[in-house]
Amino acid sequence: MEQQLLIYNTLSKKKELFVPFTPGFVGLYVCGPTVYGDAHLGHSRPAITFDLVNRYLQHLGYKVRYVRNITDVGHLVADADEGDDKIGRKARVEQLEPMEVVQKYTNSYRRNMTQLNVLPPSIEPTATGHIIEQIEVVRKVLEKGYAYESNGSIYFDVEKYSHDYHYGKLSGRNLDDMLSNTRELEGQEEKHSGADFAIWKKAQPEHLMHWPSPWSEGFPGWHTECIAMSTKYLGETFDIHGGGMDLMFPHHEAEIAQSCATLGHDSVRYWMHNNMITINGQKMGKSLGNFILLDEFFSGTHPLLDQAYSPMVIRFFMLQAQYRSTLDFSNEALKAAEKGLERLMKAVELLDILPVSTNSTVDVASLDKACYEAMNDDFNSPIVVANLFDGVRMINAINDGKESIDADDLVKLKKLYHDFVFDILGLQQPETAVASQQGILNGVVELLLNLRMEAKANKDWATSDRIRNELTALGFEIKDKKDGFEWTLKK
RNA sequence: GGUACCUUGGCCGAGUGGCUAGGCCCCGGUCUGCAAAACCGGUUACGGCGGUUCGAAUCCGCCAGGUACCUCCA
């Protein structure tokens, strides 16, 4: 089935029909993390957003090359250009080699992403692995005349660029406003204009990370890594570039500038930006001190958290909001997501034991259509989830004998849930208890419940209630049936 | 100060000119010895004031409140 996918393009501020540059193939580039600390909740938003994009494009049959970089150099701390490199500073604080810092936090980022069931990208290039390519970008910008050297550093000449191209077209900014509003910062005497930005920085003696270049012993400046790596792996024109909204300016604006300056045209056809996560209505941010690490969510150790939340609850919680909306965190909202996910997953399990009839009283085709329509409308996952919950009611009704389904529809329904719940939304059944203990546990519980059956037969309610209540207190859920029982161990 | 966005029921969140998503919570009912689960039903909405329209949560204006970006940020 041919799907007409609409993607909201931040550049045009409109939903546009997605047509890949090369039929059947999609090039997807997403700004990854700067690895100088453990991943927090904010990192999971773009990761999950573009995992959804990646998964859905693949589901539609596209061959996707998904590139997500690891930034391990080149992001400066502090306001002025002469601040430290984040990685270098962290290395000094932790008494580590810079690459040890990089390795440590790359590992923890990948571990968290796996926990969230985020599929690994096809290529995960690092900035330090592409110094040569970045130097080449700087060289080309110089060659085209859109940069100048100043004391061993190279600056992008924004004013000159804006004569020939539109600087600010992505973020809706205008250069004159920017110039008149630019803060007076120290260390800018090397720049011709406040709007200019360094694309190569001469290293000061205290810098731990530096490389030789035609201009100085130094390190890449801002925004060059993405253009260098996206061009290398996806070509001079590629389909989708994603990232957080906070990167629109200056990062992505500067990427466009470097791309136009070196290639003479835009590289990116569809710009996608996920919105921010807020906590009590305020953005999470390192400088605000209100960010919660993913590991803290999974263990429930942060003071703001009432309890631990499993990675799948975090994932499901995010998918219940559209990626372009802000999403406000609260314990109440996460607990609601946890219960909802449990209800959804129970229904998915029921699919395997649903009674089959000779005719259907349910409309699987409409449900299927509604799910695809939601995804095709700029990846509207909350609508998909809502549709899946409509289906949960359908599944439960069939299980209760109030509706019926034929074999053909049941196959379609199973495929629908498999495709959307597992393949596209990327949800997983919660991990089961250790297998070796499972069998013993089953036996013990069955024994107790059989005793309870006997007590019930004798109308010994005190005994039967005691067994049930104490099992419930231990975390079991007991369901009485007409001629027996069912039980599950929650969590 | 400049620019952009947002304000939906107890909570989270879709929708974006008429047919009032969905989840969680709450209340009733069916079932049950009682519960739980499931199912059925119900309650509570579109920040305020104007305007356009046969009709506005949806379009326009003003006001109020909030958020983000403006070289740390996902």
Side-chain angles (χ1 to χ4, degrees), chain A residues 13 30-34 39-47 49 75-81 83 86 168 171-174 176-178 180-183 185 188 194-198 222-223 242-251 253-254 273-278 281-288 291 316-317 320-322 324-341 343-344 346-347 350 370 374 380-390 392-393 395-397 399-403 456 459 461 464-465 468-469 472 477-482 486 488:
Chain A
K13 295 186 170 54
V30 175
C31 292
T34 303
H40 57 74
L41 186 64
H43 288 103
S44 61
R45 188 97 197 255
T49 296
H75 278 217
L76 301 167
V77 179
D79 284 334
D81 278 0
K86 281 179 192 170
S171 55
R173 255 159 249 268
N174 127 355
D176 292 335
D177 288 348
M178 284 166 52
S180 57
N181 287 315
T182 292
R183 293 188 266 166
L185 299 169
Q188 293 205 333
D196 295 349
F197 54 90
W222 288 349
H223 327 303
M245 254 172 102
D246 51 335
L247 297 177
M248 245 161 81
F249 189 89
H251 182 59
E253 199 70 68
H273 290 94
N274 63 272
N275 214 318
M276 303 290 106
I277 284 172
T278 57
Q282 194 180 33
K283 192 185 77 158
M284 287 182 55
K286 294 189 174 76
S287 58
L288 299 169
F291 67 96
F316 184 67
F317 174 64
Q320 277 190 300
Q322 215 266 348
R324 286 191 288 120
S325 303
T326 55
L327 176 59
D328 195 46
F329 153 83
S330 68
N331 279 291
E332 206 176 358
L334 277 176
K335 285 175 192 170
E338 185 173 47
K339 288 202 167 184
L341 178 62
R343 194 164 111 87
L344 177 64
K346 272 187 186 166
L350 273 180
N380 202 330
S381 56
I383 297 291
V384 173
V385 172
N387 287 324
L388 291 173
F389 275 114
D390 285 341
V392 167
R393 194 172 298 116
I395 291 165
N396 286 326
N399 190 46
D400 287 354
K402 289 172 181 157
E403 301 276 2
K456 280 174 72 177
K459 299 213 186 295
W461 307 127
S464 74
D465 284 3
R468 183 187 62 201
N469 292 340
T472 303
E477 185 174 84
I478 312 300
K479 297 181 197 174
D480 283 357
K481 295 283 181 180
K482 282 197 173 59
E486 274 181 22
T488 51

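Computation of the quantities below employed the complete heavy-atom set of this structure, encompassing side-chain atoms and omitting hydrogens, waters and symmetry-equivalent molecules. Residue numbers begin at 1 in each chain, while the letters A, B, ... track the order of the sequences.
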Study note, to complete from the structure: Taking Watson-Crick and G-U wobble contacts under 3.5 angstrom, with | marking pairs to another strand and [ ] crossing pairs, the secondary structure of RNA chain B is written ((((((((.[[[)....(...]]].(((((.......)))))....[[[[[..)....]]]]])))))))....
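B:A68 and B:G29: their C1' atoms are spaced 48 Å apart (whole Å). If you take atom P in B:C73 and the same atom in B:C40, they sit 50 Å apart, rounded to whole Å. Using atom C1' as the reference point in both B:C5 and B:C24, the two lie 28 Å apart (nearest Å). B:U44 and B:G1 are spaced 41 Å apart, taking the P atom of each and rounding to whole Å.
For A:E486, the salt bridge (Lys or Arg N to Asp or Glu O under 4.0 Å) partners are A:K481, not counting sequence neighbours.
A:Q322 comes within 4.0 angstrom of the backbone, heavy atoms only, and of no base. Using a 4.0 Å heavy-atom cutoff across all strands shown, A:L327 reaches sugar-phosphate atoms only and no base atom. Residue A:R393 is classed as a sugar-phosphate contact, given heavy-atom separations below 4.0 Å to backbone atoms only. Here A:N469 lies out of heavy-atom contact (under 4.0 Å) with every strand.
When distances run from any side-chain atom of A:R468 to the nucleotides B:G33, B:G23, B:A74, the shortest one goes to B:G33. Side-chain atoms of A:D480 lie closest to B:A35 of the nucleotides B:C73, B:A35, B:C24. The nucleotide whose nearest atom lies closest to any side-chain atom of A:K339 is, among B:C24, B:C69, B:C12, B:C24. Considering only the side chain of A:K346, B:A37 comes nearest among B:G22, B:A37, B:G13.
Interface remark: the A:N380 side chain does not form any donor-acceptor pair with the B:G15 base, using a distance-only criterion of under 3.5 Å.
A 6.0 Å sphere centred on NZ of A:K13 holds more than 12 heavy atoms belonging to other residues, nucleotides or ligands.
Ring geometry for A:F316 versus A:F389: interplanar angle over 60°, hence perpendicular rather than tilted (30 to 60°).
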Exercise for review: Treat primed atoms plus P, OP1 and OP2 as sugar-phosphate and everything else as base, then score nucleotides 5-10 of chain B 5' to 3': B for base contact with protein heavy atoms under 4.0 Å, S for sugar-phosphate contact only, - for none.
Suggested key: ------
